[in-house]
Amino acid sequence: MDYPTFPADCRSMLCRFLTPEVFDALRGVQTSNGFTLEQAIRSGVENPDSSIGVYAGDGESYILYAALFDPIIEAYHGFHPSDTHRSDLDPGRLNAPNPDPEGEFILSTRIRVGRNVAGFPLGPAITREQRDEIETRVAAGLETLTDDLAGRYYPLTGMSPETQRALIEDHFLFKEGDRFLESAGLNRDWPSGRGLYHNHDKTFLVWVNEEDQMRIISMQPGGDIAAVFRRLVRAVRAIESRVPFARSAHLGYLTSCPTNLGTAMRASVHIALPKLAEDYERFEAICAKHHLQIRGIHGEHSESVGGVYDISNRRRLGVTEVEAAQEMVEGVVELIAEEKHLR
Ligand code: ADP
Ligand code: IOM
């Protein structure tokens with residue numbers, strides 16, 4: 001492979017940090033799963049509108065390709081290679097009274113963590129057999145959960161297109177055919193090995209074998225962020241006792257995209273901010289001050305509809321789960337105050 005060319009308006013972290021020197025130093029390097037630099041960068045090369053553009057095939061990718069991954073990790077999370085990641089999943093330390101008790105702004109709250117299974121390659125480097133084995137193990141573990149976490153696993157294979165569409169539209173299921181994941185090799189053998197677990201109320205869900213092998217999700221209507229976090233923590237602990245998670249002392253939970261390392265947690269609200277959005281610069285400045293990310297209402301790479309946005313913590317590595325959720329809470333409090341002031 002030759003050094004890739006990027007369009008002049010490319011803003012991805014890949015085109016920012018893949019210098020010809022870094023490329024020359026890393027080309028030809030392979031992990032023990034046979035994962036190459038070409039595979040790691042293909043998503044960003046084929047999709048210059050990526051925000052990041054790189055994926056890891058295994059934990060070893062983060063070590064062997066550190067000359068590319070480390071500066072991306074530092075630019076995204078503010079986490080220096082000499083820093084240490086810490087975890088704190090104690091809901092008692094989160095100070096999160098509902099920022100919108102009247103239900104005027106926050107439509108729903110969702111907190112998810114990414115997890116992968118210890119001892120397997122990550123999705124971009126996994127084989128079909130390994131992926132199917134993970135599905136079997138994870139689904140079997142999930143189906144032993146009890147009380148409000150009890151539910152059923154629904155494989156994508158055999159799901160009717162109408163059910164699939166409705167689950168996606170209602171924000172419960174991942175979309176199909178994402179071109180960023182496609183280029184990363186994450187859609188191979190689709191739909192085999194993929195599926196969704198959910199409890200009766202769809203307040204606890206697990207995506208199986210999407211960008212990560214598990215996306216563990218707690219969600220509900222309204223702005224009771226503390227309740228959503230408490231349920232998430234219970235679910236994560238229950239799953240961890242059934243399926244061992246891939247983790248590194250330095251980078252926390254290992255994920256296929258470097259934006260998700262560490263806590264692998266994204267705590268978000270769907271929130272109506274139509275007035276503030278008219279002054280988009282001010283909206284962005286408040287979000288930047290609180291390290292928040294703005295997404296549209298159908299997830300990453302989607303647009304807002306009717307002034308409703310998905311607002312979440314941007315940093316996931318070098319902050320604890322409690323700190324990441326706290327950043328979101330504090331930012332949302334300020335966003336609501338500003339919206340009230342403007343109307
Ligand atoms: P991820 O959160 O796993 O990184 P996406 O950004 O693609 O992935 O979002 C996945 C789905 O979750 C999308 O349908 C998105 O609209 C939905 N979602 C995210 N935050 C919320 C929320 N607070 N309330 C309801 N749905 C949400
Ligand atoms: N997490 C991943 N889907 N994303 C950061 C893709 C991108 O590079 O835009």
Side-chain angles (χ1 to χ4, degrees), residues 10-17 40-56 69 72-73 75-77 99-100 105-115 122-124 164-184 186-187 196 198 202-203 205-208 210-225 228-229 232 255-261 263-272 292-305 308-314 316 325 328-329 332:
C10 180
R11 295 281 168 270
S12 74
M13 295 239 183
L14 175 67
C15 63
R16 189 165 145 203
F17 292 110
I41 66 175
R42 186 174 297 145
S43 192
V45 171
E46 292 181 357
N47 302 285
D49 55 337
S50 298
S51 60
I52 310 295
V54 298
Y55 284 88
F69 278 106
I72 290 178
I73 289 170
Y76 184 85
H77 301 278
D100 179 29
F105 305 95
I106 301 180
L107 281 73
S108 52
T109 302
R110 172 181 183 267
I111 310 184
R112 62 84 166 156
V113 293
R115 292 290 187 267
L122 299 168
Q164 189 182 348
R165 213 176 4 255
L167 286 168
I168 296 170
E169 195 53 33
D170 293 342
H171 309 289
F172 295 127
L173 180 63
F174 45 85
K175 16 180 211 249
E176 179 166 344
D178 180 285
R179 65 188 158 86
F180 302 85
L181 301 187
E182 179 71 35
S183 306
L186 278 157
N187 292 347
L196 169 73
H198 67 76
K202 300 201 188 84
T203 53
L205 307 97
V206 182
W207 294 357
V208 177
E210 193 238 10
E211 184 173 300
D212 288 304
Q213 289 151 7
M214 280 170 274
R215 284 282 161 93
I216 304 171
I217 301 161
S218 169
M219 63 194 284
Q220 67 187 50
D224 192 346
I225 300 166
V228 173
F229 188 61
L232 177 86
T255 53
S256 66
C257 175
T259 61
N260 284 318
L261 289 165
T263 61
M265 192 179 96
R266 191 170 88 83
S268 67
V269 287
H270 274 183
I271 182 169
L292 299 182
Q293 190 171 64
I294 306 172
R295 293 186 181 184
I297 56 152
H298 292 290
E300 195 182 23
H301 310 120
S302 74
E303 298 299 323
S304 160
V305 176
V308 177
Y309 292 85
D310 168 336
I311 302 295
S312 62
N313 61 294
R314 176 179 163 82
R316 307 189 229 290
M328 188 273 264
V329 173
V332 164

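Both counts, for ligands and for their atoms, begin at 1 and track the order of listing.
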Open item on the list: I'd like to know if R165 and D170 make a salt bridge, using a cut-off of under 4.0 Å between side-chain N and carboxylate O.
Closed with: no
TODO: Going by the side-chain hydrogen bond (donor to acceptor under 3.5 Å, both in side chains) test, name the single residue among Q293, R295, R266 that passes it with D310.
DONE: R266
Open item on the list: Looking at F174, I'd like to know if the NZ or CZ of R215 sits under 6.0 Å from its six-membered ring centre while staying within 45 degrees of the ring's axis.
Closed with: no
Task: Whether H171 and H298 hold their rings parallel, tilted or perpendicular, with breakpoints at 30° and 60° - done: parallel
TODO: Report all protein residues having a heavy-atom distance below 4.0 Å to some atom of ligand 2; order the list by chain, then number.
DONE: S50, S51, I52, G53, Y55, E211, C257, T259, E300, H301
Task: Protein residues having a heavy atom less than 4.0 Å from any atom of ligand 1 - done: S108, T109, R110, R112, H171, W207, R215, M219, R266, S268, V269, H270, R295, I297, H298, G299, E300, D310
Open item on the list: Does the Lys NZ or Arg CZ of R110 fall within the cation-pi geometry relative to W207 - under 6.0 Å from the ring centre and within 45° of the axis?
Closed with: yes
TODO: With the side chain counted from C-beta on, respond yes when L292 and R314 share a heavy-atom pair under 4.5 Å apart, and no when they do not.
DONE: no
Open item on the list: Applying the side-chain contact (heavy atoms from CB on, under 4.5 Å) criterion to L205, which one of L196, L173, L167, I216 satisfies it?
Closed with: L196
Open item on the list: Under the rule for side chain to side chain contact (heavy atoms under 4.5 Å, CB included), what residues qualify as partners of R179, not counting sequence neighbours?
Closed with: N47, D49
Task: Partners passing ring pair (Phe, Tyr, Trp, His ring centres under 6.0 Å) against F229 (at least two apart in sequence or in another chain) - done: none
